[in-house]
Amino acid sequence: MNRPARLVTAALTATAALLLTACGSGGGDDSSSDKIKGADGGGGKASASPSASDSPGGAGRPAITLPKEFQADFLSWTNSDPKLQAILNDGREELRSEYAAVIQADPNSEAVAFYNSDATLPSAHKWIKQFIDDGETLIGKVTVFKPQVHINDSGSGVLFYCVDERKASTKNRRTSKITTTPNTNEHVLQYRTRLERTAQGVWKLVSLNVVPGACG
């Protein structure tokens, strides 16, 4: 399973902008039952979640809190089907856990390990460590919208969603230099994920594919 690398600046310097670029397939994302009709569209209605985690308890789910300097707003992150809502909840917390790990400079975050499977955890660690090695943290805001979720024929959860990074930046921890994310559609990304439910009822990430510009 390949996790996309961070975006670089338009000048192609070693300084990274916020998050992700070219995508690699991961463990079955191309199967017909994992595809969602109309997944390349944009949109999303207001209804943002707070910065602190509000996921349901149980199964030892960790509390995840983001600082006021960085917001992750999840829009229309609800579904009337409780099973699909559970996938949305754990998919959201997986993403938030990685943002929190970058900000806390913690490549071995327990929350990241909690929401990732053995297939995706090594690449998650590597992605977080890139920021730490570069001495960078995250500031600003990302907007996560247009969630599309279903359970495929094999019982896996399939969750597509869009992430707008254009109002987020990286900040050097030592110099406080800020690198802004370019205001282009390539920085509105579509995450295509697959999750498996554990015996404890947690939907863990098992594959990830990211398509830059697919939601712009």
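FYI, the numbering just counts along the sequence from 1.
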Checklist entry - Between V144 and C162, is any pair of side-chain heavy atoms under 4.5 Å apart? => result no
Practice item. Would you mind reporting whether T170 and T137 have side-chain heavy atoms less than 4.5 Å apart? Key: no
Tell me whether S169 contacts the main-chain N or O of I139 through its side chain, where contact means a donor paired with an acceptor under 3.5 Å. no
Exactly one of K204, R61, K83 clears salt bridge (charged side-chain N to carboxylate O under 4.0 Å, His left out) with D90, and that residue is R61
Heavy-atom nearest pair, F114 first then G60, reads CE1-O, 3.6 Å
Report task. Might you work through the side-chain contact (heavy atoms from CB on, under 4.5 Å) test for E93 and I64, ending with a clear yes or no? Result -> CA-CA 8 Å; E93 295 306 280; I64 301 169; 3.8 Å; yes
Q) Taking side chain as C-beta onward, heavy atoms only, is I103 less than 4.5 Å from F131? A) no
d(H187 NE2, C215 SG) to nearest 0.5 Å is 14.0 Å
Within the 4.5 Å heavy-atom criterion, are P182 and T184 side-chain neighbours or not?
yes
How far apart are the C-alpha atoms of D73 and F145, what are their side-chain angles, what is the distance that settles it, and do they pass the side-chain contact (heavy atoms from CB on, under 4.5 Å) test? CA-CA 8 Å; D73 290 342; F145 63 100; over 6 Å; no
Exactly one candidate in T193, N116, T120 meets side-chain hydrogen bond (donor to acceptor under 3.5 Å, both in side chains) with E94; the answer is N116
Margin query: Side chains of V206 and L195, heavy atoms from C-beta outward: is any pair under 4.5 Å?
Written below: no
> Checking side-chain hydrogen bond (donor to acceptor under 3.5 Å, both in side chains) for the pair Q85/N89: CA distance, chi angles, key distance, verdict?
Replying inline: CA-CA 6 Å; Q85 185 62 52; N89 290 342; 2.9 Å; yes
Could you go through the side-chain contact (heavy atoms from CB on, under 4.5 Å) check for L189 and E165 one step at a time? CA-CA 8 Å; L189 315 171; E165 302 177 340; 3.1 Å; yes
Next on the checklist: Just checking Y99 against F70, ring centres under 6.0 Å apart?
Outcome noted: yes
When rounded to the nearest 0.5 Å, the distance separating CZ of R197 from CD1 of I151 is 9.0 Å
Exercise. Mark yes or no for whether N79, through its side chain, and D81, through its backbone, hold a donor-acceptor pair below 3.5 Å.
Key: yes
Value for OG1 (T198) from OH (Y115), rounded to nearest 0.5 Å, stands at 10.5 Å
Rounded to the nearest 0.5 angstrom, the OG-CD distance for S109 and E98 is 9.0 Å
For P107 and I132 the tightest heavy-atom approach is CD-CD1, 3.3 Å
Rounded to the nearest 0.5 angstrom, the CD-CD1 distance for Q104 and I128 is 10.0 Å
For S117 and L205 the tightest heavy-atom approach is OG-O, 2.8 Å
- Query: Are any non-hydrogen side-chain atoms of F74 and P147 less than 4.5 angstrom apart?
  - Reply: no
| query | Hey, what's the ring geometry for Y161 with W77, parallel, tilted or perpendicular (30° and 60° as the breaks)? | reply | perpendicular
In terms of heavy-atom contacts, L159 and V149 come closest through CD1-CB, 4.0 Å
Practice problem: Find out whether Y191 and V163 are in side-chain contact, i.e. whether some heavy atom of one side chain is under 4.5 Å from a heavy atom of the other. | Solution: yes
Quiz item: Would the number of heavy atoms belonging to other residues, nucleotides or ligands and lying under 6.0 Å from CG of D133 be above 12?
Solution: yes
### Side-chain heavy atoms of R166 within contact of N185, under 4.5 Å
yes
Taken to the nearest 0.5 Å, the spacing of K129 NZ from N108 CG works out to 10.0 Å
| request: For L88 and R92, run side-chain contact (heavy atoms from CB on, under 4.5 Å): C-alpha distance rounded to whole Å, both residues' side-chain angles, the deciding distance at 0.1 Å, then the answer. | output: CA-CA 6 Å; L88 288 171; R92 176 192 62 203; over 6 Å; no
